[in-house]
Amino acid sequence: YRREFIGNVSHELKTPIFNIQGYIQTLLDGGLADEKINIKYLERTNKSVDRMINIVEDLEVISRLETEEDQLDVQPFNIIQLVEDVFDSFEMKANQMDIKLELKHEASSDIALGDRNKIQQVFSNLISNSIKYGKKGGMTSVRFFDMDSNMLIEISDNGIGIESHALDRLFERFYRVDKNRSREIGGTGLGLAIVKHILEGHNQQINVRSTPGLGTTFSFILEKGE
Ligand code: ADP
């Protein structure tokens, strides 16, 4: 399993590295003096570097999760405030896509029990995806419901949706429904694997339902903190 993972990592890193090598080679072979292509190739190089940074950052998150496996810092925290903070951090990205971020709080408490920082990562990844795979002019909605002594949390979008045959593999590391599209928008294929890992640490599951062309809803449960 470890060997397969390392193989995937090097494969994923190889693409941007070889691309960068190609761009630099072209610039060295005379492209640098050609105003029609020099900026274009530097921009492409920049994009490939960004991609490598995204991959390395996600790998760091995974490695941290694995080493801290048994050290969840579980405490009561205000989950509504947390989602408002995450919304703030995605405001610019959402505006670029003209996507509305909405919060619907129908639970009886604001307080959930969990590792606040890790749950923040869960929301960041899911909200980021809802924008990346959203529709221009669409919406991302985060809803909270009571479920006995627990809280049910749903993150929905009205974006491109996911074909049913892909749903089973969605949470695998490096799995992407559409590799080219994900690459184009800076995806690493690690975001949902991280979400699953964190929720499993909380003894919870991540669920998904989706209709291609209509949208996707991810949901999970947390204990209420009071
Ligand atoms: P990535 O970095 O590629 O976004 P993720 O692990 O976060 O990787 O997601 C895996 C794949 O699941 C994505 O490449 C995309 O195809 C699909 N996906 C994730 N979230 C959504 C969503 N909200 N709507 C449609 N497709 C999604």
Side-chain angles (χ1 to χ4, degrees), residues 4-5 8-16 19 47-66 83 86-87 89-90 93-94 96-104 118-143 153-201 204-220:
E4 187 187 321
F5 180 57
N8 284 336
V9 170
S10 48
H11 176 79
E12 293 292 331
L13 286 172
K14 241 195 233 157
T15 312
N19 286 346
K47 208 164 166 188
S48 290
V49 171
D50 279 345
R51 211 174 126 212
M52 288 174 57
I53 291 172
N54 286 341
I55 295 172
V56 170
E57 280 177 352
D58 277 353
L59 288 173
E60 264 173 359
V61 171
I62 287 183
S63 136
R64 221 180 312 126
L65 284 174
E66 285 184 347
V83 170
V86 176
F87 273 178
S89 69
F90 281 102
K93 274 210 176 108
Q96 281 165 8
M97 290 280 286
D98 194 20
I99 283 177
K100 216 173 97 206
L101 303 175
E102 62 175 23
L103 195 154
K104 286 196 179 152
K118 297 204 163 78
I119 297 299
Q120 174 156 15
Q121 180 86 54
V122 167
F123 280 110
S124 289
N125 291 5
L126 294 176
I127 291 169
S128 167
N129 280 349
S130 74
I131 299 170
K132 282 193 316 197
Y133 305 104
K135 261 195 210 103
K136 253 197 171 356
M139 62 97 203
T140 291
S141 170
V142 178
R143 284 184 291 180
I153 301 142
E154 291 194 341
I155 294 98
S156 311
D157 63 63
N158 56 357
I160 63 173
I162 303 162
E163 299 281 348
S164 58
H165 69 84
L167 292 176
D168 286 344
R169 301 198 54 198
L170 217 55
F171 300 96
E172 288 174 20
R173 288 171 176 179
F174 294 115
Y175 178 77
R176 284 162 287 206
V177 179
D178 178 341
K179 271 206 159 104
N180 290 333
R181 186 194 181 102
S182 163
R183 235 166 235 161
E184 192 50 41
I185 54 186
T188 61
L190 292 171
L192 288 180
I194 291 171
V195 165
K196 180 173 179 232
H197 196 128
I198 291 175
L199 290 173
E200 278 176 355
Q204 298 295 346
Q205 283 181 335
I206 176 80
N207 299 299
V208 58
R209 51 182 199 271
S210 185
T211 311
L214 285 185
T216 306
T217 297
F218 288 91
S219 61
F220 60 94

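Order of listing sets the numbers, starting from 1, for every ligand and every atom in it.
Using a non-hydrogen distance threshold of 4.0 Å, Gly161 registers as a contact of ligand 1.
Distance from atom 6 (O) of ligand 1 to its nearest protein heavy atom, with residue and atom name: Leu192 N, 2.8 Å. Ranking the protein heavy atoms by distance from atom 2 (O) of ligand 1 puts Thr188 N, 2.6 Å first. Residue, atom and distance of the protein heavy atom nearest to atom 21 (C) of ligand 1 are Tyr133 CD1, 3.5 Å. Nearest non-hydrogen protein atom to atom 19 (C) of ligand 1 is Asn129 ND2, 3.5 Å. Scanning the protein for heavy atoms near atom 3 (O) of ligand 1, the closest one is Ser182 OG, 2.7 Å. Closest to atom 12 (O) of ligand 1, if we only count protein heavy atoms, is Leu170 CD1, 3.3 Å.
Residue Ile162 touches ligand 1 through its side chain alone, judged by heavy-atom distances below 4.0 Å. The side chain of Thr216, and not its backbone, has at least one atom closer than 4.0 Å to an atom of ligand 1 (non-hydrogen atoms only; side chain from C-beta on). Contact annotation for Tyr175 and ligand 1: only backbone heavy atoms (N, CA, C, O) come within less than 4.0 Å of the ligand. By the criterion of a heavy-atom distance under 4.0 Å, the backbone of Leu190, and not its side chain, is placed next to ligand 1.
Taking CG of Leu59 as the reference point, atom OG1 of Thr188 lies at 8.0 Å (rounded to 0.5 Å). To the nearest 0.5 angstrom, Arg169 atom CZ is 13.5 Å from Ile162 atom CD1. Going from atom CG of Leu170 over to atom NZ of Lys196 covers 11.0 Å, rounded to the nearest 0.5 Å. For the atom pair Glu57 CD and Leu190 CG, the distance stands at 12.0 Å (nearest 0.5 Å).
Between His197 and Ile62, the closest side-chain pair of non-hydrogen atoms is not below 4.5 Å. Between Val142 and Lys104 the shortest side-chain heavy-atom distance does not fall below 4.5 Å.
Around the NZ atom of Lys100, the shell of radius 6.0 Å holds no more than 12 heavy atoms that belong to other residues, nucleotides or ligands.
No donor-acceptor distance shorter than 3.5 angstrom exists from the side chain of Lys135 to the backbone of Gly215, with no hydrogens or angles considered.
Listed by number with element, the atoms of ligand 1 under 4.0 angstrom from any heavy atom of Lys132 are 1 (P), 2 (O), 4 (O). Every atom of ligand 1 with a heavy atom of Arg176 under 4.0 Å away is listed here by number and element: 3 (O), 14 (O).
Under the side chain to side chain contact (heavy atoms under 4.5 Å, CB included) test applied with Leu101, the options Val83, Ile131, Val86 reduce to a single match, Ile131.
Closest heavy-atom approach to atom 1 (P) of ligand 1 among the candidates Gly191, Pro212, Gly189, Ala166: Gly189.
Taking only nitrogen or oxygen atoms, main chain and side chain alike, Phe218 does not reach within less than 3.5 Å of ligand 1. Backbone and side-chain nitrogen or oxygen atoms of Ala193 are examined, and none is located within less than 3.5 angstrom of a nitrogen or oxygen of ligand 1. By the 3.5 Å distance cut-off applied to N or O atoms, Asp157 is counted among the residues near ligand 1.
Side-chain atoms of Glu12 and Asn8 form no donor-acceptor pair, as typed in the model, at a separation below 3.5 Å.
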Decide yes or no on ring-ring contact (aromatic ring centres under 6.0 Å, His included) for Phe123 and Phe90, but give the supporting numbers first.
CA-CA 11 Å; Phe123 280 110; Phe90 281 102; over 10 Å; no
